[in-house]
There are 2 protein chains.
Amino acid sequence: MAEHEESRCENCIIRELNSLKALKKEELKAISDSKITRRIKKGEALFQEGEKLGGVFCVRNGVSKLSKISDNGKDQIVKIASKGEVMGQRSVISEEATNLSAVALNDMEVCFIPKNNIIERIQDNPAFTQAILKHMAQELKIADDFIVNMAQKTVNQRLAEILLYLNTTFGTDEEGYLALILSRADIADVVGTATELCIRTLAKLKKQGLIETKGKRIKILDRSGLQQLKDGF
Amino acid sequence: MAEHEESRCENCIIRELNSLKALKKEELKAISDSKITRRIKKGEALFQEGEKLGGVFCVRNGVSKLSKISDNGKDQIVKIASKGEVMGQRSVISEEATNLSAVALNDMEVCFIPKNNIIERIQDNPAFTQAILKHMAQELKIADDFIVNMAQKTVNQRLAEILLYLNTTFGTDEEGYLALILSRADIADVVGTATELCIRTLAKLKKQGLIETKGKRIKILDRSGLQQLKDGF
DNA sequence: GATAAAAGATGACTTTTGTCAGTTGCCCAA
DNA sequence: TTGGGCAACTGACAAAAGTCATCTTTTATC
(Lines give C-alpha, C1' and ligand atoms only; values in the text may rest on other atoms or scores of the structure.)
Protein backbone atom coordinates (compact mmCIF):
# COMPACT_ATOMS: atom_id res chain seq x y z
CA MET A 1 0.00 0.00 0.00
CA ALA A 2 1.38 3.38 -1.02
CA GLU A 3 2.11 5.77 1.81
CA HIS A 4 0.86 9.30 1.87
CA GLU A 5 3.47 11.78 0.82
CA GLU A 6 3.41 13.72 4.09
CA SER A 7 3.94 10.59 6.15
CA ARG A 8 7.51 10.36 4.80
CA CYS A 9 10.11 12.19 6.91
CA GLU A 10 11.65 13.81 3.84
CA ASN A 11 8.41 15.64 3.25
CA CYS A 12 7.42 16.17 6.84
CA ILE A 13 7.26 19.83 7.77
CA ILE A 14 7.45 19.02 11.47
CA ARG A 15 11.13 18.27 11.00
CA GLU A 16 11.80 21.94 10.33
CA LEU A 17 11.05 22.58 13.99
CA ASN A 18 13.79 20.43 15.46
CA SER A 19 17.29 19.06 15.09
CA LEU A 20 16.20 16.61 12.39
CA LYS A 21 16.35 19.44 9.90
CA ALA A 22 20.14 19.04 9.94
CA LEU A 23 19.82 15.63 8.32
CA LYS A 24 20.42 14.95 4.64
CA LYS A 25 17.76 13.59 2.36
CA GLU A 26 19.07 10.05 2.27
CA GLU A 27 19.39 9.97 6.05
CA LEU A 28 15.78 11.03 6.35
CA LYS A 29 14.76 8.30 3.97
CA ALA A 30 16.42 5.69 6.15
CA ILE A 31 14.67 7.06 9.21
CA SER A 32 11.39 7.17 7.40
CA ASP A 33 11.66 3.49 6.52
CA SER A 34 12.15 2.41 10.12
CA LYS A 35 9.92 4.88 11.95
CA ILE A 36 6.54 3.94 13.30
CA THR A 37 3.65 6.38 13.46
CA ARG A 38 1.46 5.98 16.52
CA ARG A 39 -1.74 7.52 17.80
CA ILE A 40 -1.94 8.11 21.51
CA LYS A 41 -5.22 8.91 23.19
CA LYS A 42 -5.59 11.60 25.82
CA GLY A 43 -4.40 10.30 29.16
CA GLU A 44 -2.34 7.45 27.72
CA ALA A 45 1.36 7.19 28.51
CA LEU A 46 4.06 7.24 25.83
CA PHE A 47 6.61 6.04 28.31
CA GLN A 48 7.16 5.78 32.04
CA GLU A 49 9.91 6.96 34.32
CA GLY A 50 12.55 4.24 34.59
CA GLU A 51 11.83 2.67 31.20
CA LYS A 52 14.63 2.05 28.75
CA LEU A 53 13.61 3.80 25.59
CA GLY A 54 14.16 2.05 22.28
CA GLY A 55 14.12 5.34 20.43
CA VAL A 56 12.82 8.88 20.38
CA PHE A 57 9.35 10.26 19.84
CA CYS A 58 8.73 13.12 17.45
CA VAL A 59 5.44 14.90 18.08
CA ARG A 60 3.37 15.43 14.94
CA ASN A 61 0.21 16.50 16.69
CA GLY A 62 -1.11 16.99 20.19
CA VAL A 63 0.58 17.81 23.47
CA SER A 64 2.32 15.72 26.11
CA LYS A 65 3.39 16.41 29.65
CA LEU A 66 6.78 15.24 30.86
CA SER A 67 6.80 14.63 34.57
CA LYS A 68 8.61 12.95 37.39
CA ILE A 69 7.39 11.62 40.72
CA SER A 70 9.28 13.09 43.68
CA ASP A 71 10.32 10.99 46.67
CA ASN A 72 7.30 12.48 48.44
CA GLY A 73 5.06 10.83 45.90
CA LYS A 74 3.94 14.01 44.16
CA ASP A 75 4.12 14.45 40.44
CA GLN A 76 6.06 17.40 39.03
CA ILE A 77 5.63 18.40 35.41
CA VAL A 78 8.95 19.66 34.08
CA LYS A 79 7.98 20.24 30.49
CA ILE A 80 5.09 20.40 28.08
CA ALA A 81 6.02 19.08 24.65
CA SER A 82 4.07 19.82 21.52
CA LYS A 83 4.27 19.73 17.73
CA GLY A 84 7.80 19.37 16.45
CA GLU A 85 9.41 18.49 19.74
CA VAL A 86 11.44 15.35 20.20
CA MET A 87 11.01 13.41 23.43
CA GLY A 88 13.40 10.88 24.87
CA GLN A 89 16.57 12.30 23.29
CA ARG A 90 18.37 12.61 26.62
CA SER A 91 17.75 9.03 27.52
CA VAL A 92 18.89 7.75 24.12
CA ILE A 93 22.03 9.90 24.14
CA SER A 94 23.09 9.02 27.65
CA GLU A 95 22.06 5.38 27.14
CA GLU A 96 20.20 5.32 30.42
CA ALA A 97 16.62 4.68 31.45
CA THR A 98 14.53 7.80 31.13
CA ASN A 99 14.00 9.90 34.23
CA LEU A 100 10.65 11.23 33.07
CA SER A 101 7.21 9.93 32.21
CA ALA A 102 5.34 11.20 29.16
CA VAL A 103 1.54 11.30 29.18
CA ALA A 104 -0.68 12.70 26.44
CA LEU A 105 -2.65 15.80 27.43
CA ASN A 106 -4.86 15.40 24.37
CA ASP A 107 -5.02 13.04 21.43
CA MET A 108 -1.60 12.77 19.85
CA GLU A 109 0.13 11.56 16.75
CA VAL A 110 3.80 10.78 17.19
CA CYS A 111 6.56 9.19 15.16
CA PHE A 112 8.72 6.70 16.96
CA ILE A 113 12.27 6.64 15.59
CA PRO A 114 14.38 3.65 16.70
CA LYS A 115 17.47 4.77 18.54
CA ASN A 116 19.98 3.21 16.13
CA ASN A 117 18.87 5.70 13.54
CA ILE A 118 19.66 8.52 15.90
CA ILE A 119 22.91 7.16 17.27
CA GLU A 120 24.30 6.39 13.83
CA ARG A 121 23.43 9.86 12.62
CA ILE A 122 25.14 11.36 15.66
CA GLN A 123 28.23 9.36 14.82
CA ASP A 124 28.48 10.27 11.17
CA ASN A 125 26.76 13.63 10.73
CA PRO A 126 28.48 16.38 12.71
CA ALA A 127 25.94 18.98 11.66
CA PHE A 128 23.21 16.89 13.25
CA THR A 129 25.17 16.39 16.45
CA GLN A 130 25.84 20.09 16.67
CA ALA A 131 22.18 20.88 16.15
CA ILE A 132 21.25 18.60 19.05
CA LEU A 133 24.03 20.09 21.14
CA LYS A 134 22.76 23.61 20.60
CA HIS A 135 19.28 22.49 21.41
CA MET A 136 20.40 20.85 24.64
CA ALA A 137 22.35 23.95 25.64
CA GLN A 138 19.14 25.89 25.22
CA GLU A 139 17.17 23.37 27.27
CA LEU A 140 19.73 23.53 30.02
CA LYS A 141 19.36 27.27 30.23
CA ILE A 142 15.60 26.92 30.41
CA ALA A 143 16.03 24.33 33.15
CA ASP A 144 18.19 26.72 35.18
CA ASP A 145 15.58 29.42 34.89
CA PHE A 146 12.96 26.94 35.97
CA ILE A 147 15.00 26.04 39.03
CA VAL A 148 15.30 29.68 40.03
CA ASN A 149 11.57 30.19 39.57
CA MET A 150 10.62 27.17 41.62
CA ALA A 151 13.04 28.13 44.36
CA GLN A 152 12.46 31.83 44.64
CA LYS A 153 8.96 32.64 43.47
CA THR A 154 5.63 32.27 45.18
CA VAL A 155 2.80 30.10 43.89
CA ASN A 156 1.12 33.32 42.83
CA GLN A 157 4.00 34.34 40.64
CA ARG A 158 4.52 30.90 39.18
CA LEU A 159 0.85 30.55 38.36
CA ALA A 160 0.81 33.92 36.62
CA GLU A 161 3.87 32.84 34.67
CA ILE A 162 2.40 29.57 33.50
CA LEU A 163 -0.80 31.24 32.35
CA LEU A 164 1.22 33.66 30.25
CA TYR A 165 3.30 30.76 28.96
CA LEU A 166 0.21 28.81 27.91
CA ASN A 167 -1.10 31.88 26.21
CA THR A 168 2.02 32.66 24.17
CA THR A 169 2.83 29.03 23.40
CA PHE A 170 -0.55 27.58 22.56
CA GLY A 171 -2.66 30.66 21.93
CA THR A 172 -6.39 31.01 22.41
CA ASP A 173 -9.56 29.64 20.87
CA GLU A 174 -12.21 31.72 19.05
CA GLU A 175 -13.71 32.86 22.33
CA GLY A 176 -10.35 33.94 23.73
CA TYR A 177 -9.87 31.05 26.15
CA LEU A 178 -6.47 29.38 26.41
CA ALA A 179 -6.34 26.81 23.63
CA LEU A 180 -4.53 24.19 25.68
CA ILE A 181 -6.90 23.07 28.41
CA LEU A 182 -5.24 21.60 31.46
CA SER A 183 -6.92 20.19 34.52
CA ARG A 184 -6.42 22.14 37.74
CA ALA A 185 -4.37 19.22 38.99
CA ASP A 186 -2.04 19.43 35.98
CA ILE A 187 -1.63 23.17 36.39
CA ALA A 188 -0.79 22.54 40.05
CA ASP A 189 1.76 19.93 38.99
CA VAL A 190 3.49 22.44 36.74
CA VAL A 191 3.42 25.16 39.38
CA GLY A 192 4.58 22.71 42.01
CA THR A 193 1.78 23.13 44.51
CA ALA A 194 -1.37 21.43 45.78
CA THR A 195 -4.46 21.39 43.59
CA GLU A 196 -6.48 23.24 46.21
CA LEU A 197 -4.03 26.11 46.41
CA CYS A 198 -3.91 26.28 42.63
CA ILE A 199 -7.70 26.57 42.48
CA ARG A 200 -7.75 29.15 45.24
CA THR A 201 -5.09 31.21 43.55
CA LEU A 202 -6.97 31.09 40.26
CA ALA A 203 -10.07 32.29 42.14
CA LYS A 204 -8.03 35.18 43.51
CA LEU A 205 -6.84 36.15 40.04
CA LYS A 206 -10.45 36.01 38.90
CA LYS A 207 -11.53 38.30 41.73
CA GLN A 208 -8.77 40.72 40.74
CA GLY A 209 -10.15 40.77 37.20
CA LEU A 210 -6.99 39.35 35.66
CA ILE A 211 -8.63 36.21 34.34
CA GLU A 212 -12.05 34.72 33.73
CA THR A 213 -13.01 31.06 33.88
CA LYS A 214 -15.72 28.91 32.36
CA GLY A 215 -15.58 25.36 33.60
CA LYS A 216 -11.97 24.34 33.32
CA ARG A 217 -11.31 26.85 30.58
CA ILE A 218 -9.40 30.02 31.38
CA LYS A 219 -9.37 33.36 29.62
CA ILE A 220 -6.70 35.97 30.24
CA LEU A 221 -8.21 39.42 30.62
CA ASP A 222 -5.21 41.46 31.73
CA ARG A 223 -1.92 40.34 30.28
CA SER A 224 0.19 43.11 31.71
CA GLY A 225 -1.44 42.69 35.09
CA LEU A 226 -0.37 39.05 35.11
CA GLN A 227 3.07 40.08 33.92
CA GLN A 228 3.41 42.44 36.88
CA LEU A 229 2.24 39.76 39.26
CA LYS A 230 4.76 37.34 37.81
CA ASP A 231 7.55 39.79 38.55
CA GLY A 232 6.23 40.38 42.08
CA PHE A 233 4.02 43.48 41.59
CA MET B 1 60.66 31.29 29.75
CA ALA B 2 60.07 27.55 29.73
CA GLU B 3 56.72 26.42 31.01
CA HIS B 4 56.29 23.77 33.65
CA GLU B 5 55.35 20.42 32.22
CA GLU B 6 52.07 20.14 34.08
CA SER B 7 50.94 23.53 32.94
CA ARG B 8 50.53 22.16 29.41
CA CYS B 9 47.10 20.74 28.60
CA GLU B 10 48.63 17.62 27.05
CA ASN B 11 50.03 16.71 30.43
CA CYS B 12 47.22 18.05 32.57
CA ILE B 13 45.49 15.33 34.53
CA ILE B 14 42.46 17.54 35.12
CA ARG B 15 41.45 16.94 31.54
CA GLU B 16 40.71 13.31 32.31
CA LEU B 17 37.72 14.54 34.30
CA ASN B 18 35.88 16.22 31.48
CA SER B 19 35.06 16.25 27.77
CA LEU B 20 38.52 17.56 26.88
CA LYS B 21 39.81 14.01 27.22
CA ALA B 22 38.23 13.28 23.83
CA LEU B 23 40.69 15.63 22.18
CA LYS B 24 43.78 14.51 20.26
CA LYS B 25 47.26 15.44 21.30
CA GLU B 26 47.77 18.09 18.65
CA GLU B 27 44.43 19.66 19.45
CA LEU B 28 45.43 19.90 23.10
CA LYS B 29 48.67 21.54 22.10
CA ALA B 30 46.82 24.21 20.19
CA ILE B 31 44.58 24.82 23.19
CA SER B 32 47.51 24.92 25.52
CA ASP B 33 49.18 27.62 23.46
CA SER B 34 46.19 29.90 23.63
CA LYS B 35 44.90 29.20 27.11
CA ILE B 36 45.47 31.54 30.02
CA THR B 37 45.89 30.33 33.57
CA ARG B 38 44.32 32.60 36.16
CA ARG B 39 44.18 32.74 39.92
CA ILE B 40 40.93 33.88 41.45
CA LYS B 41 40.69 34.85 45.09
CA LYS B 42 37.85 33.74 47.32
CA GLY B 43 34.85 35.95 46.71
CA GLU B 44 35.98 37.19 43.33
CA ALA B 45 33.77 36.69 40.27
CA LEU B 46 34.88 34.73 37.22
CA PHE B 47 31.99 36.10 35.25
CA GLN B 48 28.64 37.75 35.76
CA GLU B 49 25.16 36.91 34.57
CA GLY B 50 24.55 38.60 31.23
CA GLU B 51 28.21 38.72 30.19
CA LYS B 52 29.26 37.44 26.78
CA LEU B 53 31.93 34.88 27.49
CA GLY B 54 35.00 34.81 25.30
CA GLY B 55 35.70 31.22 26.22
CA VAL B 56 35.29 28.52 28.82
CA PHE B 57 36.88 28.08 32.23
CA CYS B 58 38.40 24.79 33.28
CA VAL B 59 38.77 24.47 37.04
CA ARG B 60 42.20 23.26 38.13
CA ASN B 61 41.76 24.00 41.81
CA GLY B 62 39.21 25.45 44.17
CA VAL B 63 35.45 25.65 44.05
CA SER B 64 33.02 28.06 42.44
CA LYS B 65 29.32 28.68 42.84
CA LEU B 66 27.15 29.22 39.77
CA SER B 67 24.14 31.32 40.58
CA LYS B 68 21.41 33.45 39.12
CA ILE B 69 19.46 36.34 40.56
CA SER B 70 15.70 35.81 40.44
CA ASP B 71 13.29 38.59 39.52
CA ASN B 72 12.66 38.94 43.26
CA GLY B 73 16.28 39.90 43.73
CA LYS B 74 17.33 36.75 45.54
CA ASP B 75 20.33 34.72 44.50
CA GLN B 76 19.85 31.05 43.68
CA ILE B 77 22.86 28.78 43.44
CA VAL B 78 22.21 26.18 40.74
CA LYS B 79 25.55 24.43 40.77
CA ILE B 80 28.81 24.11 42.63
CA ALA B 81 31.73 23.52 40.26
CA SER B 82 35.05 22.10 41.35
CA LYS B 83 38.22 20.51 40.01
CA GLY B 84 37.89 19.27 36.47
CA GLU B 85 34.63 20.97 35.68
CA VAL B 86 34.23 23.27 32.73
CA MET B 87 32.20 26.43 33.20
CA GLY B 88 30.65 28.54 30.50
CA GLN B 89 30.23 25.75 27.93
CA ARG B 90 26.54 26.37 27.48
CA SER B 91 27.01 30.01 26.77
CA VAL B 92 29.78 29.37 24.25
CA ILE B 93 27.82 26.64 22.49
CA SER B 94 24.60 28.56 22.23
CA GLU B 95 26.49 31.76 21.40
CA GLU B 96 24.53 33.75 23.92
CA ALA B 97 25.37 35.75 27.01
CA THR B 98 25.66 33.50 30.04
CA ASN B 99 22.64 33.17 32.29
CA LEU B 100 24.71 32.51 35.39
CA SER B 101 27.31 34.24 37.53
CA ALA B 102 30.38 32.38 38.79
CA VAL B 103 31.96 33.39 42.09
CA ALA B 104 34.89 31.66 43.79
CA LEU B 105 34.03 30.00 47.10
CA ASN B 106 37.71 29.66 47.93
CA ASP B 107 40.96 30.49 46.18
CA MET B 108 40.92 29.07 42.69
CA GLU B 109 43.15 28.30 39.78
CA VAL B 110 41.40 28.11 36.43
CA CYS B 111 42.39 27.82 32.80
CA PHE B 112 40.61 30.11 30.40
CA ILE B 113 40.28 28.57 26.94
CA PRO B 114 39.25 31.02 24.19
CA LYS B 115 36.04 29.98 22.54
CA ASN B 116 37.45 29.58 19.02
CA ASN B 117 39.45 26.65 20.28
CA ILE B 118 36.28 25.00 21.50
CA ILE B 119 34.08 25.83 18.55
CA GLU B 120 36.64 24.64 16.01
CA ARG B 121 37.07 21.40 17.89
CA ILE B 122 33.31 20.91 17.95
CA GLN B 123 33.24 21.40 14.20
CA ASP B 124 36.01 19.00 13.30
CA ASN B 125 36.20 16.40 16.08
CA PRO B 126 32.99 14.38 16.36
CA ALA B 127 34.27 12.42 19.35
CA PHE B 128 34.68 15.67 21.27
CA THR B 129 31.23 16.91 20.29
CA GLN B 130 29.71 13.62 21.37
CA ALA B 131 31.50 13.77 24.70
CA ILE B 132 30.06 17.22 25.36
CA LEU B 133 26.66 16.03 24.23
CA LYS B 134 26.67 13.13 26.66
CA HIS B 135 27.80 15.42 29.41
CA MET B 136 25.02 17.89 28.69
CA ALA B 137 22.46 15.10 28.62
CA GLN B 138 23.65 14.17 32.08
CA GLU B 139 23.47 17.76 33.30
CA LEU B 140 19.96 18.07 31.96
CA LYS B 141 18.88 15.06 33.93
CA ILE B 142 20.44 16.49 37.07
CA ALA B 143 18.64 19.76 36.40
CA ASP B 144 15.30 17.96 36.15
CA ASP B 145 15.90 16.25 39.45
CA PHE B 146 16.81 19.60 40.98
CA ILE B 147 13.56 21.10 39.73
CA VAL B 148 11.54 18.30 41.29
CA ASN B 149 13.40 18.71 44.58
CA MET B 150 12.89 22.45 44.73
CA ALA B 151 9.26 22.11 43.83
CA GLN B 152 8.21 19.20 45.99
CA LYS B 153 10.48 18.99 49.01
CA THR B 154 10.56 21.00 52.21
CA VAL B 155 13.49 23.13 53.33
CA ASN B 156 14.23 20.39 55.85
CA GLN B 157 14.58 17.76 53.18
CA ARG B 158 16.57 19.96 50.84
CA LEU B 159 18.96 20.96 53.59
CA ALA B 160 19.53 17.34 54.57
CA GLU B 161 20.19 16.57 50.93
CA ILE B 162 22.75 19.31 50.45
CA LEU B 163 24.63 18.31 53.58
CA LEU B 164 24.89 14.76 52.28
CA TYR B 165 25.91 16.09 48.89
CA LEU B 166 28.69 18.23 50.39
CA ASN B 167 29.86 15.22 52.33
CA THR B 168 30.04 12.82 49.41
CA THR B 169 31.36 15.35 46.92
CA PHE B 170 33.96 17.21 48.97
CA GLY B 171 34.53 14.91 51.92
CA THR B 172 35.62 15.91 55.39
CA ASP B 173 38.71 17.36 57.08
CA GLU B 174 40.83 15.59 59.70
CA GLU B 175 38.33 16.40 62.42
CA GLY B 176 35.40 15.10 60.44
CA TYR B 177 33.93 18.46 59.48
CA LEU B 178 32.69 19.03 55.94
CA ALA B 179 35.74 20.01 53.91
CA LEU B 180 33.94 22.60 51.82
CA ILE B 181 32.95 25.41 54.16
CA LEU B 182 30.03 27.48 52.97
CA SER B 183 28.53 30.48 54.70
CA ARG B 184 25.02 30.03 56.04
CA ALA B 185 23.87 32.48 53.39
CA ASP B 186 25.38 30.34 50.62
CA ILE B 187 23.80 27.19 52.00
CA ALA B 188 20.49 29.04 52.07
CA ASP B 189 21.02 30.09 48.45
CA VAL B 190 21.50 26.48 47.40
CA VAL B 191 18.49 25.28 49.38
CA GLY B 192 16.43 28.17 48.10
CA THR B 193 15.37 29.68 51.38
CA ALA B 194 16.13 32.59 53.71
CA THR B 195 19.36 32.58 55.70
CA GLU B 196 17.46 32.70 59.00
CA LEU B 197 15.43 29.60 58.20
CA CYS B 198 18.57 27.83 57.07
CA ILE B 199 20.25 28.61 60.42
CA ARG B 200 17.16 27.58 62.36
CA THR B 201 16.89 24.32 60.47
CA LEU B 202 20.55 23.57 61.09
CA ALA B 203 19.93 24.22 64.80
CA LYS B 204 17.08 21.73 64.68
CA LEU B 205 19.27 19.07 63.08
CA LYS B 206 21.82 19.76 65.78
CA LYS B 207 19.23 19.30 68.51
CA GLN B 208 18.23 16.00 66.89
CA GLY B 209 21.84 14.87 67.07
CA LEU B 210 22.19 14.53 63.31
CA ILE B 211 24.91 17.14 62.99
CA GLU B 212 27.32 19.15 65.10
CA THR B 213 28.63 22.64 64.39
CA LYS B 214 31.69 24.63 65.34
CA GLY B 215 31.57 28.17 64.07
CA LYS B 216 30.54 27.88 60.46
CA ARG B 217 31.90 24.37 60.20
CA ILE B 218 29.50 21.43 60.13
CA LYS B 219 30.07 17.79 61.04
CA ILE B 220 27.66 15.05 60.05
CA LEU B 221 27.00 12.68 62.94
CA ASP B 222 24.21 10.52 61.56
CA ARG B 223 24.34 9.93 57.84
CA SER B 224 21.42 7.55 57.64
CA GLY B 225 19.34 9.82 59.84
CA LEU B 226 19.88 12.64 57.35
CA GLN B 227 19.14 10.27 54.50
CA GLN B 228 15.80 9.39 56.06
CA LEU B 229 15.01 13.04 56.61
CA LYS B 230 15.83 13.78 52.99
CA ASP B 231 13.31 11.18 51.85
CA GLY B 232 10.68 12.54 54.24
CA PHE B 233 11.22 10.38 57.36
C1' DG C 1 -32.00 11.86 30.69
C1' DA C 2 -30.41 9.42 34.93
C1' DT C 3 -26.70 8.42 37.49
C1' DA C 4 -22.06 7.55 38.88
C1' DA C 5 -17.52 9.17 38.79
C1' DA C 6 -14.30 12.71 38.31
C1' DA C 7 -12.93 17.34 38.75
C1' DG C 8 -13.70 21.78 40.67
C1' DA C 9 -14.45 24.63 44.58
C1' DT C 10 -14.58 26.22 49.45
C1' DG C 11 -13.96 26.37 54.63
C1' DA C 12 -11.29 25.57 58.64
C1' DC C 13 -7.22 24.50 60.34
C1' DT C 14 -2.03 23.33 60.71
C1' DT C 15 2.48 23.60 59.26
C1' DT C 16 5.99 25.71 56.86
C1' DT C 17 8.33 29.56 55.38
C1' DG C 18 9.43 34.49 55.28
C1' DT C 19 10.46 38.92 57.47
C1' DC C 20 11.98 42.27 60.65
C1' DA C 21 14.37 43.66 64.45
C1' DG C 22 17.49 42.77 67.25
C1' DT C 23 21.72 40.32 70.03
C1' DT C 24 25.88 37.79 70.22
C1' DG C 25 30.28 36.47 68.88
C1' DC C 26 34.17 36.30 66.09
C1' DC C 27 37.81 38.02 63.04
C1' DC C 28 40.72 41.38 61.31
C1' DA C 29 42.82 45.73 60.88
C1' DA C 30 44.08 50.17 62.90
C1' DT D 1 44.01 45.77 72.44
C1' DT D 2 40.21 47.50 70.87
C1' DG D 3 36.52 48.34 68.33
C1' DG D 4 34.13 48.16 63.75
C1' DG D 5 31.95 45.18 60.73
C1' DC D 6 30.17 41.09 59.31
C1' DA D 7 28.26 36.59 59.96
C1' DA D 8 25.81 33.70 63.00
C1' DC D 9 22.04 33.32 65.74
C1' DT D 10 17.30 34.21 68.15
C1' DG D 11 12.52 35.83 69.03
C1' DA D 12 8.18 37.34 67.57
C1' DC D 13 5.19 37.79 64.26
C1' DA D 14 3.09 37.62 59.46
C1' DA D 15 2.37 35.47 55.23
C1' DA D 16 2.32 31.54 52.29
C1' DA D 17 1.44 26.94 51.54
C1' DG D 18 -0.32 22.33 52.75
C1' DT D 19 -4.05 19.25 54.44
C1' DC D 20 -8.46 17.34 55.37
C1' DA D 21 -13.21 17.28 55.04
C1' DT D 22 -17.02 18.47 52.52
C1' DC D 23 -19.89 20.17 48.94
C1' DT D 24 -20.94 21.41 44.11
C1' DT D 25 -20.45 21.18 39.30
C1' DT D 26 -19.10 19.00 35.23
C1' DT D 27 -18.41 15.10 32.46
C1' DA D 28 -18.90 10.57 30.86
C1' DT D 29 -21.67 6.47 30.26
C1' DC D 30 -25.31 3.61 30.08
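Proteins come first, then strands; the chains are lettered A, B, ... in the order of their sequence lines, and each starts at number 1.
- Each end of the helix from C:dG1-D:dC30 to C:dA30-D:dT1 yields a helix axis from five base pairs, and these two axes differ in direction by 40° (to the nearest 10 degrees).
- Extent of DNA chain C lying under 4.0 Å from chain A heavy atoms, first and last nucleotide in 5' to 3' order, is C:dG8 to C:dA12.
- Side-chain contact check for B:K68 versus B:D75: every heavy-atom pair is 4.5 Å or farther apart.
- Residues from residues 151-160 of chain A with heavy atoms under 4.0 angstrom of DNA chain C: there are none.
- Put simply, the side chain of B:E51 gets close to the backbone of B:Q48: a donor and an acceptor are under 3.5 Å apart.
- Here the range on DNA chain D touched by chain B, meaning any atom under 4.0 Å from one of its heavy atoms, is D:dA8 to D:dA12.
- In this structure a side-chain-to-backbone donor-acceptor pair under 3.5 Å is missing from A:Q152 to A:N149.
- For residues 178-194 of chain B, proximity to DNA chain D is found at B:S183, B:R184, B:A185, defined as any non-hydrogen atom under 4.0 angstrom from a strand atom.
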Exercise. Test B:E85 against B:K79 for salt bridge (Lys or Arg N to Asp or Glu O under 4.0 Å), laying out the working first.
Key: CA-CA 11 Å; B:E85 295 199 69; B:K79 181 171 171 136; 2.8 Å; yes

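- Geometrically, A:R217 engages A:Y177 in a cation-pi contact, judged by NZ or CZ lying under 6.0 Å from the ring centre and within 45° of the ring axis.
- Counting any heavy atom pair closer than 4.0 Å across all strands shown, A:K74 reaches sugar-phosphate atoms only and no base atom.
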Practice problem: Determine, stepwise, if the pair B:D186 / B:K65 fulfils salt bridge (Lys or Arg N to Asp or Glu O under 4.0 Å). | Solution: CA-CA 9 Å; B:D186 277 338; B:K65 63 177 172 180; 2.9 Å; yes

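- In this structure, A:Q157 contributes its side chain and A:K230 its backbone to a donor-acceptor pair below 3.5 Å.
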Practice problem: Go through A:F47 and A:F57 one step at a time and tell me if the ring pair (Phe, Tyr, Trp, His ring centres under 6.0 Å) criterion holds. | Solution: CA-CA 10 Å; A:F47 52 82; A:F57 297 84; 5.5 Å; yes

Exercise. Begin from the C-alpha positions of B:E175 and B:K214 and carry the test salt bridge (Lys or Arg N to Asp or Glu O under 4.0 Å) through to its verdict.
Key: CA-CA 11 Å; B:E175 296 176 72; B:K214 193 176 182 181; 3.6 Å; yes

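- At least one donor-acceptor pair closer than 3.5 Å links the side chain of B:T168 to the backbone N or O of B:Y165.
- For the pair A:L205 and A:L229, the minimum side-chain heavy-atom distance is below 4.5 Å.
- Looking at heavy atoms from C-beta onward, A:V103 lies out of side-chain contact with A:K42 at the 4.5 angstrom threshold.
- Side chain of A:R158 to backbone of A:V191: a donor-acceptor contact under 3.5 angstrom is found.
- Inter-residue side-chain proximity for B:N18 and B:C58 is flagged as met; some heavy-atom pair is nearer than 4.5 Å.
- Of the N and O atoms on the side chains of B:T213 and B:K206, at least one donor lies less than 3.5 Å from an acceptor on the other residue.
- With hydrogens and angles ignored, the 3.5 Å screen pairs a side-chain donor or acceptor of A:R15 with a backbone N or O of A:C9.
- Of the residues in residues 196-207 of chain B, those lying under 4.0 Å from DNA chain D by heavy-atom distance are B:E196, B:I199, B:R200.
- Listed for the A:R39 side chain is no donor-acceptor partner under 3.5 Å among the backbone atoms of A:M108.
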